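Working notes, structure below.
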Amino acid sequence: MAKTLIINAAQIATPIGFHARHGAEMNSLRVLDNGAIVVENGIITAVDDFSKLRNAINDTDEYEILDASGCCLIPGFVDSHTHVVFGGYRPQEFMERVNGTPYLEILNHGGGIQDTVQSTRRLSENALTALTLQKLDDMLEQGVTTVESKSGYGLDTDTELMQLRVNRNCLKSHPITLISTYLGAHAIPQEYQHRSDAYIDRMIHTVLPEIKAHHLAEFCDVFCEDSVFSVTQAQTLLTAAKSMGFGLKIHADEILSLGGAELACALGAVSADHLLAVSERGIQMLSKSNTVATLLPNTAFCLKKPYAPAKKMLDAGCALALATDFNPGSCYTDSIPLLFALAVLQMGISPEAALTALTLNGAAALNRADRIGSLEPGKQADILFLKSPDYRFLVYNTCKNQVKKVMKNGKLVYQSHG
Ligand code: NIG
Ligand code: FE
């Protein structure tokens with residue numbers, strides 16, 4: 001039996017629980033000085049002062065000992081909303097947006113997501129897998145141990161299925177756990193222009209059953225937005241997906257307040273994401289539901305939009321997750337340090353709430369709070385060793401990567417050279 005003992009940690013900081021934390025609960029972490037962690041077969045079995053753990057351990061010789069002197073230990077980050085599988089880049093469009101052209105205007109003129117669709121359709125599965133693995137390496141270096149990965153840059157059935165197979169290929173060959181989401185409803189494919197209801201129909205009757213049959217995705221998502229998919233279309237698609245056993249996610253109220261958050265709650269979605277323009281009613285409904293409100297401040301920053309009302313949602317009692325939304329268009333950055341900086345310095349939530357949002361609540365946004373997202377007995381040993389002795393350095397040492405080592409399922413999978 002593989003047993004590891006991590007000792008001498010300057011600090012251990014973690015949210016506690018097997019469900020999402022709501023509102024003010026997000027501000028309380030368990031913080032231990034000089035802590036130790038016992039890992040057996042990839043699972044955490046104890047977290048405590050070493051002096052206390054010692055009595056429970058018969059023979060330390062049975063353990064591989066890891067010294068965490070000078071390090072704060074925190075749970076691996078769960079990036080619960082990304083579009084990491086894509087071909088090509090869009091620097092030209094970035095500059096158009098910097099100079100004032102709205103995101104939806106570019107999309108409606110055949111650019112934006114449609115541009116990436118063309119570049120992705122041109123790639124082979126092997127090429128797309130290789131590109132994705134490189135991106136995952138960059139995420140791992142920043143402490144991400146679980147990533148949600150959406151399709152949505154194929155739109156046609158073959159390329160959508162290929163994107164989902166790329167997720168599966170990466171899951172097999174990379175330490176990061178990838179969780180697949182089908183986002184065929186990311187844009188209206190050129191082949192279905194002015195026939196978006198027919199496209200919804202095709203997704204329901206052809207694509208979703210095929211994905212289900214091959215176990216290629218766990219969640220179904222939709223970009224519910226003016227001139228993309230309406231609330232009614234989102235409802236039709238998601239209701240069908242739910243009846244087939246998919247978990248639900250929604251790109252909700254990103255640019256206009258259409259009622260995406262309300263729909264997410266009504267359908268029992270695991271998360272409603274973006275929420276820059278969420279309504280008062282949407283906030284109230286989220287606060288009373290199990291739907292996690294996933295905020296993506298890196299995107300608001302890159303689109304030069306006002307941030308989602310994080311503080312207000314927290315005060316109302318919502319469960320907030322934070323994720324990068326890494327994609328080649330609205331947010332070409334997977335930066336975790338930027339995410340912390342924006343959450344705390346711009347959106348006004350505490351470092352404790354930000355850490356909870358990127359660990360335990362991110363896990364809840366993927367139906368995995370029972371397995372990951374905190375450092376406590378029973379959870380998977382996905383553990384970050386920070387270069388610094390205190391979790392607040394995640395914000396205080398602004399925009400600098402704090403990750404020194406990454407443990408995944410009890411094994412060290414990354415070590416920084418810096
Ligand atoms: O979450 N809003 C829709 N989808 C992505 C952007 C995708 C893109 O621009 O390529 C988002 O921001
Ligand atoms: Fe997104």
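In this text, all values refer to a predicted model and were calculated from it rather than measured experimentally. Order of appearance sets the numbers: ligands from 1, and atoms from 1 within every ligand. Just so you know, residue 1 is the first one in the sequence shown, and it goes up from there.
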Report whether any nitrogen, oxygen or sulfur of [X] sits less than 2.8 Å from the Fe ion (ligand 2) (N, O or S, backbone or side chain).
{"X": "D325", "answer": "yes"}
{"X": "H81", "answer": "yes"}
{"X": "H83", "answer": "yes"}

Check whether the side chains of [X] and [Y] place a donor and an acceptor atom closer than 3.5 Å, and report yes or no.
{"X": "K408", "Y": "T145", "result": "no"}
{"X": "D325", "Y": "H83", "result": "yes"}
{"X": "S69", "Y": "D67", "result": "yes"}
{"X": "S149", "Y": "N167", "result": "yes"}

Which residue and heavy atom of the protein sit nearest [atom], plus the separation:
{"atom": "atom 12 (O) of ligand 1", "value": "S330 OG, 2.6 Å"}
{"atom": "atom 11 (C) of ligand 1", "value": "D325 OD2, 3.2 Å"}
{"atom": "atom 9 (O) of ligand 1", "value": "Y103 OH, 2.5 Å"}
{"atom": "atom 2 (N) of ligand 1", "value": "E254 OE1, 2.8 Å"}

- Indicate yes or no: at least one non-hydrogen side-chain atom of L66 is less than 4.5 angstrom from one of M407.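 Side-chain contact under 4.5 Å: yes.
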- Find out whether L208 and L237 are in side-chain contact, i.e. whether some heavy atom of one side chain is under 4.5 Å from a heavy atom of the other.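 In contact.
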- Message: Please confirm whether I113 approaches ligand 1 to less than 4.0 Å, judged on its heavy atoms.
- Response: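 A heavy atom of I113 does come that close to ligand 1.
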- Message: Side chain, backbone, both or neither: which applies to H274 and ligand 1 if a contact is any heavy-atom pair less than 4.0 Å apart?
- Response: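 It is the side chain that touches ligand 1; the backbone stays farther off.
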Relative to the heavy atoms of [X], which atoms of ligand 1 are at a distance of less than 4.0 Å?
{"X": "R90", "answer": "8 (C), 9 (O), 10 (O)"}
{"X": "Y153", "answer": "7 (C), 8 (C), 10 (O)"}
{"X": "H81", "answer": "1 (O)"}
{"X": "H186", "answer": "3 (C), 4 (N), 5 (C), 7 (C)"}

- Could you tell me whether the side chain of E262 and the main chain of R281 form a donor-acceptor pair under 3.5 Å?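 The answer is no, because no donor-acceptor pair under 3.5 Å joins these two groups.
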- OH of Y396: more than 12 outside heavy atoms within 6.0 angstrom?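 Counting neighbours around OH of Y396, 12 or fewer heavy atoms of other residues, nucleotides or ligands fall under 6.0 Å, so no.
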- Message: Is the ring pair H251/H186 parallel, tilted or perpendicular, if the boundaries are 30 and 60 degrees?
- Response: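 Judged by the thresholds at 30° and 60°, the geometry between H251 and H186 is tilted.
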